[in-house]
2 protein chains.
Amino acid sequence: MTRFNSVVTVNGITLWEEVPALGTVGIKEVARRAGVSPGTVSNVLNRPERVAAATRARVEEAIREMGFVRNGSAATLRAGQSRAIGLVVLDVGNPFFVAVARGVEDVVSDRDHAVILCNSGESPEREARNLRVLAEQRVRGLLITPTDEDLSRLDLLRERGVAVVLVDHFATGDVCSVAVDDVAGGNLAVAHLLDRGARRLAYVTGPLAIRQCADRRKGARRALRAAGLPARALEDIVVPEMNANGGGLAAEKLLAGDLPDAIFCANDLLALGVLRALSQAGVRVPDDVALIGYDDIEFSSAAAVPLSSIRQPTYQLGKIATELLLDECDDPGGHAHQQIMFQPELVVRESSR
Amino acid sequence: MTRFNSVVTVNGITLWEEVPALGTVGIKEVARRAGVSPGTVSNVLNRPERVAAATRARVEEAIREMGFVRNGSAATLRAGQSRAIGLVVLDVGNPFFVAVARGVEDVVSDRDHAVILCNSGESPEREARNLRVLAEQRVRGLLITPTDEDLSRLDLLRERGVAVVLVDHFATGDVCSVAVDDVAGGNLAVAHLLDRGARRLAYVTGPLAIRQCADRRKGARRALRAAGLPARALEDIVVPEMNANGGGLAAEKLLAGDLPDAIFCANDLLALGVLRALSQAGVRVPDDVALIGYDDIEFSSAAAVPLSSIRQPTYQLGKIATELLLDECDDPGGHAHQQIMFQPELVVRESSR
DNA sequence: AGGGCTTGTTGACACGTTTTAATTCAGTCG
DNA sequence: CGACTGAATTAAAACGTGTCAACAAGCCCT
């Protein structure tokens with residue numbers, strides 16, 4: 001341990017004082033200053049009730065004076081796991097996930113844990129990279145919206161006893177999940193468009209390998225069937241990115257052919273992109289074509305034409321998922337896996353009136 | 001080290017095989033399997049060029065077979081610092097910071113590091129809590145948009161030799177910073193509104209303790225002066241939150257009195273909130289009142305009335321800041337602190353035409 | 001043949017914390 | 001007065017990795 005010696009003059013008497021280099025103040029130095037053993041300092045930090053009040057005060061004083069900051073990696077190494085959980089989302093730029101993350105963070109910080117937020121960007125490779133980092137960090141638990149149906153990538157963590165909760169992804173059996181019924185949401189959206197009189201529709205979506213996209217489509221088709229319409233009344237427009245840019249691309253495709261009566265977008269960012277592109281091309285919403293999005297993000301109501309949408313309980317989603325996760329972490333034995341399914345809600349605004 | 005013994009039957013012969021419990025595969029077990037010393041495995045992981053090709057192949061094989069995952073905390077403990085940097089932003093819900101975070105992440109993952117993203121929510125207390133966690137995690141460096149002018153909270157990290165770069169906050173002297181000229185931006189916005197004929201203006205902003213808010217105001221006043229108008233031609237409307245909600249609050253205040261000719265908002269979220277509230281009250285933008293925001297987020301162009309705004313090079317901001325930070329980390333001695341200042345750009349749309 | 005290289009590999013220790021069992025000590029009861 | 005109890009504290013042993021000095025082996029050159 002490197003040390004600096006400093007000269008201190010008190011009342012005319014010169015003292016040599018051993019001063020630890022900053023960043024070098026460990027539990028040992030604190031212990032020496034407080035005149036106790038390292039074990040006691042550790043107890044003050046982790047189980048203060050086991051330490052006599054006077055001793056505790058002395059130790060806390062020493063901690064303050066020396067600017068001691070506990071070394072998290074040492075604690076993690078010793079414990080075998082950290083006090084952090086991983087959160088892997090499909091797109092940090094999507095307000096849906098931002099809201100989920102808020103719910104997560106509120107619960108987690110109440111319980112004195114930390115969140116490591118990762119972005120898979122809908123790419124399985126990036127997802128795998130993120131999971132590796134989280135495994136290396138020995139996170140206690142994992143919240144993830146998987147990029148595809150293949151959950152085997154999660155085994156890297158699960159084999160090591162890390163609790164996992166799937167977010168916005170319904171699972172069966174041996175894992176917890178918290179989801180919103182996307183089939184119901186798709187049904188809601190398209191049933192509403194049909195009510196309004198639409199007969200030829202388009203579904204603007206990201207890759208159908210993304211379960212949310214596929215389920216919303218399934219619900220949409222169910223609504224068609226219920227109205228006695230054939231599946232071909234709904235044309236799929238698949239774009240690579242689920243953001244405003246992707247929406248622009250979809251609009252180009254739509255404008256190239258006969259416009260449908262109504263457009264259902266797999267999320268609001270796509271819908272905003274479609275709306276912008278259609279407006280620029282002189283198409284009026286909802287007069288020429290009705291439009292509905294999904295997620296009901298904050299911006300939808302402030303859009304050029306306030307956007308109809310399907311609202312999901314996002315904050316709740318993050319909150320419940322985290323509670324489930326931490327419960328499993330705290331009592332892995334007595335934990336029964338649960339699959340929770342929320343119901344979405346239709347919000348009608350100008351764009352489909 | 002706990003182990004499970006498993007019974008394996010091959011060709012009628014029963015073997016006892018020692019199998020490591022999962023999560024218990026360390027560098028030692030890999031070494032034994034590959035018939036080398038732990039030191040060599042470590043070398044394969046960290047300086048592969050020092051290991052003979054044949055040995056390396058054998059070790060890599062063993063790593064794959066046993067599903068070894070390096071224990072990050074042990075590595076961090078040994079090294080004294082982790083391969084992660086901290087990023088503390090004012091509001092994860094704000095697309096401005098999301099864009100910055102994207103720039104950061106791209107650089108960081110190229111250089112094989114990780115980002116720990118923290119949200120201070122503009123609260124100095126939460127900022128302090130975040131900094132403590134980052135200090136405990138022994139991050140290599142810190143990117144932060146401070147909540148206020150008091151940078152002493154950063155000493156917790158800086159004293160420990162952690163490199164710091166301020167993001168979107170101009171600093172002098174002994175620390176790197178990457179910022180956008182907010183005074184110029186405020187000037188640009190208000191000069192434009194004055195050009196358009198406005199004579200009585202309002203400035204909707206978050207707390208003026210936030211430097212960005214104060215600087216944009218300063219720029220706005222400079223524009224007034226240049227046009228020969230008194231400072232009182234610009235009324236400040238201060239709201240606690242810089243989001244759409246805050247914008248709604250500001251609009252209520254404005255509607256309670258005489259409406260000004262034009263409104264300058266300290267960011268686009270505020271502007272969207274103002275726009276929504278004004279529209280609901282029957283006020284037409286830009287006919288009754290002109291409106292301009294700040295940040296030029298993606299949604300601004302898709303707003304009810306496409307929003308004029310001040311565009312900042314957000315992605316660049318994150319990218320350059322991270323490069324600066326990692327350079328300082330890699331060569332703390334030969335590093336000269338830099339203050340980089342970008343210039344913002346005026347984007348005129350419907351709301352101030 | 002032997003000295004000086006280079007290249008590859010090895011042990012052993014250190015990093016800072018938590019935890020367990022062991023120890024001390026004051027007080028209480030028989 | 002000695003044995004016992006319980007509370008408070010301690011000493012020592014991990015946790016899994018990276019580093020570094022030391023060592024081995026093979027090679028070239030004189």
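Chain letters run A, B, ... following the sequence lines, proteins first and then strands; every chain starts at 1.
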query: Atom CZ of A/R32 to atom C1' of C/dG16: distance rounded to whole Å?
result: 15 Å
- request: Name all pairs fulfilling the salt bridge (Lys or Arg N to Asp or Glu O under 4.0 Å) condition that reach into residues 320-337 of chain A, sequence neighbours left out, sorted by first residue then second.
  value: A/R111-A/D327, A/R111-A/D330, A/R140-A/D330
message: Expressed as a whole number of angstroms, how long is the span from B/E49:CD to C/dT7:C1'?
response: 13 Å
task: Name the nucleic acid region contacted by B/V51, choosing base, sugar-phosphate or nothing; use a 4.0 angstrom heavy-atom cut-off, strictly under.
output: sugar-phosphate
message: If you only use heavy atoms from C-beta on, which nucleotide in C/dT17, D/dG18, C/dT9 is closest to the side chain of B/S42?
response: D/dG18
- prompt: Rounding to a whole Å, what distance do you find between A/R138:CZ and D/dT17:P?
  reply: 7 Å
message: By nearest atom, which of the nucleotides C/dT19, C/dT17, D/dT19 is closest to the B/N43 side chain?
response: D/dT19
- prompt: D/dT19, C/dT9, D/dA14: which one has an atom nearest the side-chain heavy atoms of A/R78?
  reply: D/dA14
- prompt: Given atom CD1 of B/I27 and atom C1' of C/dT10, what is their separation to the nearest angstrom?
  reply: 13 Å
Closest to the B/N71 side chain, choosing from C/dG16, D/dG18, D/dG16: D/dG16
task: Among the candidates C/dG11, D/dT17, D/dT9, find the nucleotide nearest to the side-chain atoms of B/S37.
output: C/dG11
B/L45 side chain, from C-beta outward: closest of C/dC15, C/dT17, D/dG18: D/dG18
message: If you define the side chain from C-beta out and look only at heavy atoms, does anything of B/K319 sit under 4.5 Å from B/D106?
response: no
- request: Give the C-alpha distance, both sets of side-chain angles, the deciding distance and a yes or no for side-chain contact (heavy atoms from CB on, under 4.5 Å) between A/R32 and A/V36.
  value: CA-CA 6 Å; A/R32 193 136 60 94; A/V36 296; over 6 Å; no
- request: Compute whether any side-chain donor of one residue and acceptor of the other, for A/T147 and A/E127, lie under 3.5 angstrom apart.
  value: yes
query: Hey, does A/A75 reach any base, or is it just sugar-phosphate, or nothing, if we go heavy atoms under 4.0 Å?
result: sugar-phosphate
message: How many whole angstroms separate atom CD of A/E136 from atom P of D/dT17?
response: 10 Å
message: Within the 4.0 Å heavy-atom criterion, would you say B/T55 contacts the bases, only the backbone, or no part of the nucleic acid?
response: sugar-phosphate
- prompt: B/N46 has a side chain; which of C/dG16, D/dT9, D/dG18 sits nearest to it?
  reply: D/dG18
task: Using a 4.5 Å cut-off on heavy atoms from C-beta on, say whether the side chain of B/Q137 contacts that of A/S82.
output: no
- line: Comparing B/A74 with B/G35, nearest DNA chain C nucleotide closer to 5' gives the residue B/G35
Residue A/T40, side-chain heavy atoms: nucleotide from C/dG16, C/dT9, D/dT9 that is nearest: D/dT9
- prompt: In whole angstrom, what separates B/K28's NZ from C/dA12's P?
  reply: 13 Å
- request: Identify the residue among A/V51, A/V59, A/V30, A/I27 that makes a side chain to side chain contact (heavy atoms under 4.5 Å, CB included) with A/S42.
  value: A/I27
message: Just the rounded figure in Å: distance from P of C/dC15 to CD of A/E29.
response: 10 Å
- prompt: To the nearest angstrom, how far is A/R56 atom CZ from D/dA7 atom P?
  reply: 15 Å
- request: Answer with base, sugar-phosphate or nothing: what part of the nucleic acid does A/T76 contact at a heavy-atom distance below 4.0 Å?
  value: nothing
- prompt: What nucleotide among C/dG16, C/dT18, C/dT9 has an atom nearest to a side-chain atom of A/L77?
  reply: C/dG16
